[in-house]
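Letters A, B, ... mirror the listed sequences (proteins, then strands); counts begin at 1.
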Amino acid sequence: MNDDTLHAIATAPDLRELQALRVRLLGKKGELTEGLKSLGALPPDERRARGAALHERKRAVEAALEARRAALERAELDARLAAERLDLTLPGERVPAGAHHLLTQVTNRLLDVFASLGYEVVVGPELEDDRHNFGALNFPPDHPARDTQDTFWTTDGRLLRTHTSPMQVRYMESHEPPFRVVVPGRVFRNEAVDATHEAQFHQLEALVVGERITMADLKGAITEMATALLGSGTRTRLLPTYFPFVEPGAEFAIWWQHPKTGREEWLELGGCGMVHPRVFEAVGYEGVTGFAFGFGIERLAMVSYQVSDIRDLFRGDLRLLEQFRGVA
Amino acid sequence: MRVPYGWLGELVEGLPPLQETADLLAGLGLGVETTQHLPGAPVGVRVVSVLAVAPVAGALQRVEIDDGERRITVACAAPNVRVGMRAAHAPPGTRLPGFDGALEVREVGGVRSEGMLCSPRELGLFEHAAGLLALGDDAAVGADLAELWPADDVIELELTPNRADAFSVLGVARDLAAKLDTVLRHPAAGLEAAAGDPSIADGLEVRVADPERCPRFSLRRVDGVRVGPSPVWLQRRLALLGLRPRNVVVDVTNLVTFELGQPSHAYDLEALEGGVLEVRRAAPGERLITLNEDELTLDPEDLVIATPDPEGGSRAIGLAGVIGGRDDSVRDATTSVAVEVASFEPIGVRRTGKRHKLVTDARIRFERGVDPALPLSANARVTTLLAALAGGRPHPGVRWVAAAAPAAPAIGFRPSQVGFLVDVAVPADEQRRYLERLGCAVEVAAPDRWRVTPPTWRADLELEVDLIEEVARLHGYEHIGSTHPHLAFVPPATDPTHRRLRERLVGAGMVEAIGYVFTSEDDLARARAPAARVRLSEPQGIERAVLRTSLLPGLLAAARLNRDASRLALFEVGHVFLDHEEERLGLLWRGHGASSGWRPPQAHDVYAAKGALESLAEGLGADLTLRPAAFDDLHPGVSAEILWQGTPVGRFGRLHPEVAAAWGCGDVVVAELRLPLEARPPRLHELPRQPYAERDLAVVLPVDVTYAELQARCAAAAGPRLVELFAFDVYQGPQVEAGHKSVALRFRFRHPDRALTDAEVDADMAAIMAALRGAGYAWRT
């Protein structure tokens, strides 16, 4: 046994060789094991001296084996780690994120606002009858007010609703006041189609009825909505106008900063007013007052997101739809 | 309607500056669309008289003119140039709108032309280029036209249909004067004396056969009329209104329409057979050529103005309240006219106008309702102007056929209601002043019980709430505060817009589209969707003639549009129109699934699409199964009915290759489901405390036996300890008999309370295998 042994241990090329060395030296029949076993046959003096030397030798071999094992294991791990290296700058494997339609996002944002203000969301049919779309909303037959809502009539005498207001009638016919409801939905006008006019578009309409709802409550509701959308300090403006189903009637605007021009200006958003007594009469309500307000979703969406052609919203073009990814 | 600011200022004392006036109008509910500055005549243009006209070549003429200082020669091709006429001359050096630089002396066809005679368009005054601006004697030769025709501003109003009273400069002025509490100068004030005496015969006769449709009719004779160009101020006024001046008679009737809001018409007296004018229903098939040269076939519901014809019949010469006829208009040679000013019932006028698709200044006013007190004073206004401007001599008599005017009913009004409804504090006496300034008569029966009679021009005021709006409007909506009502109302937590559904689909990487409800019969047929049930009576073209019966045609069109996209996963939530309107979810998949671009992507085939539906159902807590079934639009071997919680809700499958080819949309997988998709409320199950025992079995069975059948057979045979069963491999190929497939199943058994013994599980498996053997299936070992 000499330094060649320690050299062999220190230069063992891998863990298998090292294990073989361990067995050869320290196994049951290993050189050192045999040497230690043979001590018993020696005279006491010689046994002590030889024993001490052998134990010394064993500790040295064990230490060398352990050192070499640790070194080899580290080298092996380093090799594995080097082999496992990946280029994480390559693209990941994924399903592209989905997207709500822009109009759904804007509608959802508004519905969240109204939900927080205690409104119930209700929806209704798109194919309507004259009574719900016009008659019960105080549009008399042959009244010029009907010209302001160019109507798609069907060959069987029905119509595509020109506004979401028929739901006012439908809701009141089946519910008792007080209530707060908000109605999102698709509406239709038989108008020439161009970049800012479509034959179908979307509206959102709110209706609140109770024992004494006032026009100041109306203004408060619009201001709350505008504040929720645009932040505190938002101003709102009412100007008199005419819709057959409200009286007094108004158009409302909110003071905002135009996202494209950066200019602060009035954004004329929609119509509003106090529910007309004839509408209450048509649904059999007595002794209550209420307000309604509504506006177009496309207009708000288009000015907010700078969509220049309304028709692009309905083409199903992925290049446009995918731009509105994200959680609505 | 266009309202010239200068004109408004003549009617309203102390009218504020333009922008302030526009703001006031908006605050009154007379919506201001724009304000426009219209320039006057260009500097340097002068009034000239035409001395001589000599033809040169073609239309070109050498024209000698007098500009008050000297004789000038110009070249001119205008058809209306006449010796003796007054025209507008732009001398060299003048700058005209739309021309680059200043005019120069030019040779035109051998004529040395010093400047030019101008058309209204060349002067930038109004849209008429077919002839020279023709001026009347009021324009002095040599006068500077810019002084006669200065610039002005025009306020363009977008009027709501209820405000019939505001379709005139008078009406707008009236509202402003009420708001400003200032004096209104009525253009027809003091004309009562000039209205004519109905008891004096004038050789005219009016026969009103339908007094309901024509409750008032006045006809006034004016002789000695000289038909020629109107004075500059009148031409300018019409130009500001957006009208083209014609001749003084027509111009005066147009002016009064816009000034007072009362349409009128002047007939050449010679056209009235025997001086008789009839107001009657049209005969079936009767024809009329209008002023605009439209030839109309009339309907018996149409009300016409007619005159006897020499054969003893009667011929229509105008469509009452809508448009006059071509053949009875005033012409240059006319000397005597009959001026008609009448009231026509709104609905009749509206129906006639719609029937013949005619929108005229007269119709717009009559269908909204013209002040019933106007006809006689408006007639006096027209005839007085004809006397002043056309040398006419109004006859002292007037024909006046009128049913007794119904008295406007008084409206009960409680001033307390203004505070109650609008929540603004307006003292009662102030409310009274507002109403009176608007022309209402107020009678105070008790402190909170008034009787308010609206003026004749405000037929829109019918209810107390209308008066509340008038008070609020005059007071100003800007005084309304912002409050929040306390309502005993708690909204139910519903999801009628299917937000949870949409969010799950978007979360799964799907993109939402919104298509059109309009489609064509062709597209429905091409998509093999049900035939249209709902058709539009006046569609915007054949492509939009019917309502969709399925969401798929719209999604297929989107797939075609996006044909270059390697991956497509679209959905739409929308209504379809069958025997009933119903809401649906449509889905479309094409191309690969998850991908990186640099490794082979995951296949996005039918099973991936089905998996997306399964995830959706799982996420909403519902059971989803597919039951193979055939649908016209789907691949016959890859189509199924969708059962949601056991109920059929729609279909799923690969689009039929013929349909895919017809749309050019590629190989797509589609699904369409009826909404709402009911969700199952979650219920907590006790957590299993025992491990399960697992067994695998590869069953060999004919290929046409479905997995669902195999699964059902196993489950039925196994008993309650089988808690889970799924396929982990499906193989078809040389290892199994032809026409057969191998389905490797994994079974999991569990007892709720204790561990199962091998013997128990073996017994269950034996039962399953017995059942499979009974069905004729084998297994691989």
Report which part of [X] has an atom under 4.5 Å of a heavy atom belonging to chain B: side chain, backbone, both, or neither.
X: A/E268; value: neither
X: A/V209; value: backbone
X: A/A115; value: neither
X: A/T289; value: side chain
X: A/L313; value: backbone
X: A/H175; value: neither
X: A/P178; value: both
X: A/T223; value: side chain

Pairwise side-chain contact, [X] with [Y], heavy-atom cut-off 4.5 Å (strictly under):
X: B/P491; Y: A/Y119; result: no
X: B/T497; Y: A/L111; result: yes
X: A/M215; Y: B/V424; result: no
X: B/V534; Y: A/R158; result: yes
X: B/K354; Y: A/D142; result: no
X: A/L160; Y: B/L536; result: yes
X: B/V465; Y: A/P248; result: yes
X: A/E247; Y: B/L463; result: no

Identify which part of [X] has an atom lying under 4.5 Å from any heavy atom of chain A, answering side chain, backbone, both or neither.
X: B/Y516; value: both
X: B/R504; value: neither
X: B/A565; value: side chain
X: B/R535; value: both
X: B/L547; value: side chain
X: B/N562; value: side chain

Between the side chains of A/N190 and B/E538, is a donor N or O closer than 3.5 angstrom to an acceptor N or O?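 Side chains of A/N190 and B/E538: no pair found under 3.5 Å.
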[X] side chain to [Y] main-chain N or O, any donor-acceptor pair under 3.5 Å?
X: A/T214; Y: B/L421; result: no
X: B/E478; Y: A/R237; result: no
X: B/W598; Y: A/L90; result: no
X: A/Q200; Y: B/G515; result: yes
X: A/R94; Y: B/S596; result: no
X: B/Q540; Y: A/A199; result: no

* Is the NZ or CZ atom of B/R163 positioned over A/Y242's six-membered ring, under 6.0 angstrom from the centre and within 45° of the axis? ->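 Cation-pi check for B/R163 and A/Y242: fails.
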Rounded at 0.5 Å granularity, tell me how far [atom1] in [X] sits from [atom2] in [Y].
X: A/L321; Y: B/L570; atom1: CG; atom2: CG; value: 7.0 Å
X: A/I213; Y: B/D423; atom1: CD1; atom2: CG; value: 11.0 Å
X: B/H484; Y: A/E224; atom1: NE2; atom2: CD; value: 4.0 Å
X: B/R499; Y: A/N108; atom1: CZ; atom2: CG; value: 4.0 Å
X: B/E158; Y: A/T241; atom1: CD; atom2: OG1; value: 8.0 Å

Practice prompt. Kindly assign one of parallel, tilted or perpendicular to the pair A/F188 and B/F518, based on the angle between their ring planes and the thresholds 30° and 60°.
Written response: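 Rings of A/F188 and B/F518: perpendicular, as their planes differ by over 60°.
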Measure up the B/F489 and A/F179 rings against each other and bin them: parallel (under 30°), tilted (30 to 60°), perpendicular (over 60°).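 B/F489 and A/F179: perpendicular rings.
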With chain B, which of [options] has the greatest number of heavy-atom pairs at distances under 4.5 Å?
options: A/L320, A/V121, A/I222, A/L102; value: A/V121
options: A/G210, A/G249, A/P244; value: A/G249
options: A/E251, A/R315, A/H143; value: A/H143
options: A/E198, A/R180, A/M274; value: A/R180

Handout entry: Non-hydrogen atoms of A/P144 and B/E367 that approach each other most closely
Key =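 Closest pair (atom of A/P144, atom of B/E367, distance): CG-O, 3.6 Å.
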(message) Ignoring hydrogens, what is the shortest heavy-atom contact between B/P496 and A/V123? Give both atom names and the distance.
(response)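 Taking B/P496 first and A/V123 second, the nearest heavy atoms are CB-CG2, 3.9 Å.
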Less than 4.0 Å between a side-chain N and a carboxylate O, is that true for A/R325 and B/E512?
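Salt bridge absent between B/E512 and A/R325.
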Practice item. Using a strict 4.0 Å threshold on nitrogen-to-oxygen distance, state whether B/E572 and A/R186 make a salt bridge. Key: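 Salt bridge present between B/E572 and A/R186.
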Original post:
chain A: which of B/V546, B/D460, B/N162 shares the most heavy-atom pairs with it under 4.5 Å?
Top reply: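 Looking at each of B/V546, B/D460, B/N162 in turn, B/N162 comes out on top.
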